[in-house]
**Q** 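The following block contains the structure, expressed as structure tokens.
What you are looking at is a predicted structure, and each value in this text was computed from that prediction instead of being measured. Here is how names work: the chains are called A, B, and so on, in the same order as the sequence lines, proteins then strands, and each is numbered from 1.
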2 protein chains.
Amino acid sequence: MTKDAAPFLGSAKPTQRTIARATGLAVTTVSKALAGDERIAEQTRRKVRKAALELGYVPDRAAQRLRTGKTNVISLVLDPHSELLGFGASMIAGIAEVVRQTPYHLTIMQYQLGEDPVAPIDYIVRNRLADGLIFARTEPDDARVHFLRKARFPFITHGRTNFDDHAWYDYDNRDFADRAVRMLARQGATRIGLVPPSPAYTYHRFMMEGFDLAIAQEGLTGLLSPGFDLNDDADILHDKLRGWLLGDAPPDGLICPGEVSAMAAHAVLNDLGRDLPLVVKQTSSVFNYFRPRPMIIGEDIVQAGRQITTALIRLMAGETPRNLQILAPPYLP
Amino acid sequence: MTKDAAPFLGSAKPTQRTIARATGLAVTTVSKALAGDERIAEQTRRKVRKAALELGYVPDRAAQRLRTGKTNVISLVLDPHSELLGFGASMIAGIAEVVRQTPYHLTIMQYQLGEDPVAPIDYIVRNRLADGLIFARTEPDDARVHFLRKARFPFITHGRTNFDDHAWYDYDNRDFADRAVRMLARQGATRIGLVPPSPAYTYHRFMMEGFDLAIAQEGLTGLLSPGFDLNDDADILHDKLRGWLLGDAPPDGLICPGEVSAMAAHAVLNDLGRDLPLVVKQTSSVFNYFRPRPMIIGEDIVQAGRQITTALIRLMAGETPRNLQILAPPYLP
DNA sequence: ATCCAAGATTATAACGTTATAACTAAGTAA
DNA sequence: TTACTTAGTTATAACGTTATAATCTTGGAT
């Protein structure tokens, strides 16, 4: 079992048959013994396991998969925007961390801008490429959720939808907005501007609810920036924000839940020489390096990845989806 | 073929056997026809393909894999630092973009801090979990490269090693350093500071060569920051840089090839109220939002992912590694 | 008419695993 | 004794595909 040796070069790759011959047992017995079947004598099981180890046996995934129908694969389907900053990578880090302690493997698909988000999922389901699926940025009436519910395929989302009967993990954006407003109020701001997420996403609603309620409770004025699109490039982002902040009745405190738009807002404020208090939602660590440093409310995506994976594995094991709905609170660094 | 229908619920999943029965041909013929075998009559091939489409046939990956020994999987092995900013996600985006137009799939492994980098690779090779491998951050005498050469397993690295006989993709850090020095010289800087990468990595050497040569040619003074470690957190980074910049004989121009240390340097300069010209190597888009905006020399990781994948596929097809060595020039946005 | 080659299709077997049912030996109840 | 259980092991078959070798046509050359 030396790391340096090229495995199985020259000598044939050991299979259960090899073990069977070595121990004088039947292949079936070997299979059962390796699976830990109670009906095989303890002594036999030990003998088989020892032989397997010595021979350097590793089960053939393809054969197992063909026979059992299980792929032992979890698939993460990324949207085209996931390479923006850390979201995708952090999510993957979290998933990979959990997955490596299980028999599961992680495969990644990413569809391109303008493509049908259902297509890769359809492809995975149709080709039986995975046992379970993860994806993010849900919409209220998400087409992917529609599809997977109908196909009865195990999945978990990052973000909620209008269906409340599937497994999901979500960041508590209502609480985020609430805290952000109060943070700014404490700084003396009275006209609080929010750069809202695209209304296409489900969490837009929660964000707005939290915002509106906190604004009302604190007796403040709430202002909304013009809408953004994830496809907007840096310049467009910059101009829109600039126009808004230069308008009449500008905010005296700013909330930016989107990491990219928050960076843009920070830059605009700098360019305009304004020093508004700014609250951002940080999913990576960039804002720790911005000056002046904004107020930061964190969302831990790596942790999200971990919890999502754990939940999905339980889902695939038969647990009911309704028990696998996780609302993650904001964390304050 | 409607998107909405749950595939294969109730009715059995169509196999080549289903097609064979439907067309009155033998399974073997169907297999060959689907593979486009020239020895099957054109007419028959058409008939089979038509039937396959109508029945919604998709080949069973597990069976193909078991029979042929090919996994059709490319595996990306990430180190623990890849979730820092965009590297991992961008690389994945590039790989995914290419892979989706091929029969290959992408799986991800990420090992944890302090773990043996060879372990996941050993695991993949031993379990035949992939046909080809990608990994980054190479060292001159990289243990992973050692292992894979010996195992004769197809792989491509991001970054060079002391072995010149494997496929690699590398960013031209020598050229980067050269350009960076001259940019700063053009701004009037004469004492140029470099925050060098860890000497553990191969590219440290190229970076230093480019730096030293350009410094000499321009007749400038070259300065090096104290060493960094990717494990250093934001505070340590900050303190080290601060100490260096506050020392006697500080630089009057700064080069930061590491994105994280560049952000830290930017913050320190801000905190100290200094306005040194700063050149960074940008692999995401963050620095477009920093003020004052540093001078940016770009490294396109998504493009790297694309080229790496294309090269790996050609490698697996039998092309010789020496023809698959790509040196990517810096790009100036 | 016979033979042969080329073209097209097919039968057979195998990849490595596991579910199912069948078998054997030993022990227990009648 | 005989029947019956239980523990332990095994034979058989199958998952869906493809490589190999074998078979069957057909048409042309002799």
**Q** Using 0.5 Å steps for rounding, measure from the CG atom of A:Leu133 to the OG1 atom of A:Thr157.
**A**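 It comes to 11.0 Å.
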**Q** Grab the two heavy atoms, one from A:Arg65 and one from B:Ala62, that are nearest each other, plus how far apart they are.
**A**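 Scanning both residues completely, I find the closest heavy atoms to be CG-CB, 3.6 Å.
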**Q** So what is the end-to-end bend of the helix from C:dA1-D:dT30 to C:dA30-D:dT1, with 5 pairs used at each end and the value given to 10 degrees?
**A**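 It comes to 70° between the two terminal axes.
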**Q** Expressed as a whole number of angstroms, how long is the span from A:Leu34:CG to D:dT9:P?
**A**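 Distance, rounded to whole Å: 14 Å.
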**Q** What do you reckon, is CD of B:Gln43 surrounded by more than 12 foreign heavy atoms closer than 6.0 Å?
**A**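 Not buried by this count: 12 neighbours or fewer within 6.0 Å.
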**Q** A:Phe135 vs A:Phe155 aromatic rings, parallel, tilted or perpendicular, using cut-offs 30° and 60°?
**A**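 Ring orientation, 0 to 90° scale: parallel.
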**Q** Rounded to whole Å, please give me the gap between CD in A:Gln43 and P in D:dA7.
**A**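 From A:Gln43 CD to D:dA7 P: 17 Å.
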**Q** So, are B:Arg100 and A:Glu115 salt-bridged, with charged N and O less than 4.0 Å apart?
**A**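 A salt bridge links B:Arg100 with A:Glu115.
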**Q** Thinking salt bridges, do A:Asp164 and A:Arg322 make one under a 4.0 Å N-O criterion?
**A**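 Salt bridge: yes.
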**Q** Reading nucleotides 12-21 of chain C 5' to 3', which nucleotides get B (base under 4.0 Å from a protein heavy atom), which S (sugar-phosphate only), which -?
**A** BBBBBBBBB-
**Q** So if I apply the side chain to side chain donor-acceptor pair (under 3.5 Å) rule between A:Asp79 and each of A:Gln112, A:Arg137, A:Gln110, which one comes out positive?
**A**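 Looking at A:Gln112, A:Arg137, A:Gln110, the match for A:Asp79 under the side chain to side chain donor-acceptor pair (under 3.5 Å) is A:Arg137.
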**Q** Do the charged groups of B:Arg149 and B:Asp165 touch, with an N to O distance under 4.0 Å?
**A**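 Salt bridge between B:Arg149 and B:Asp165, a charged N being under 4.0 Å from a carboxylate O: yes.
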